[in-house]
Amino acid sequence: MNTVNYIKIEFPSKSSNESLARSVAACFAAQLDPTLDELGDIKTAVSEAVTNSIVHAYPDVIGKISLRGRIFDDNTLEIVVQDWGRGIEDVAKAMEPMFTTGGFERSGMGFTIMESFMDKLKVKSSLGKGTTVTMRRRLSYRAGSIK
Amino acid sequence: MKIATEFGQGKLVIKLHGEIDHHAARGLIENICSDIDKCLPNVCILDMKDVGFMDSSGIAVLVKAYKRMKELGGELKVLNLSNQSRRVLEMSGLEKIICMEGKKK
């Protein structure tokens, strides 16, 4: 797979940047001519990953979050959300549905949604060093689109 | 996130407008629960027609509203969900306990 385009943005872990992050990802993904449902899935997965960083990586401080995107020549979109925060002690536990250490406005469904809405999800985390979430989704070729 | 409420004959209708994410959720939960406590309705209807996006924070909002209405012996209904919002809610299994009405493509 060859990379045909990429983006990288960095922003502070303010909750007002959740909408910015998913909008940037959606604008980038739009180059692949996604369906509305595909675009909704991508926005939702990005929102979950960025919210996790804001809530869990930097609970008491404002830290840096990076959002990287790549488009591959087989119509696959890759999104990487990285933080340099607290890290996740037990990734397998954190990925269980309904598990949360967040507040009353969290549901514990973030990783489950990322896993279901994207084709591939990889979570790499190190305590005290941060977390990197890599997600990929291959988009359908639509009639009339340029391959 | 903007909300508009109408109350009459035991029915509280809350129209939501905007995007429901973690940034909006805390204030939204407080506003909805405060409206429910003020009106003590038999039925609370959340109209999601103008909700352009919702992530898993919306699940927490609905669970909180559902629990508050259940404590009051009332019912919560959710109207006009978009496909995107519906997909998120289906992940949680909430459609089995909360009445959801509206178009599904």
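For clarity, every value in this text was computed on a predicted model and none was experimentally measured. Quick note on labels: first sequence line is chain A, next is B, and so on, each numbered from 1.
- With a threshold of 4.5 angstrom between heavy atoms, Leu39(A) does not approach chain B through any atom at all.
- Contact check for Asp37(B) versus Arg68(B): side-chain heavy atoms found under the 4.5 Å cut-off.
- Atom CZ of Arg137(A) sits in a crowded spot, with more than 12 heavy atoms from other residues, nucleotides or ligands closer than 6.0 Å.
- Heavy atoms of other residues, nucleotides or ligands lying less than 6.0 angstrom from CD of Glu89(A) number 12 at most.
- The shortest non-hydrogen separation linking Met54(B) to Met48(B) is SD-CE, 3.7 Å.
- Of the residues considered (Glu19(B), Gln84(B), Arg87(B)), Arg87(B) shows the highest number of contacts with chain A, using heavy-atom pairs under 4.5 Å.
- No part of Asn17(A) comes within reach of chain B, as not one of its non-hydrogen atoms sits under 4.5 angstrom from that chain.
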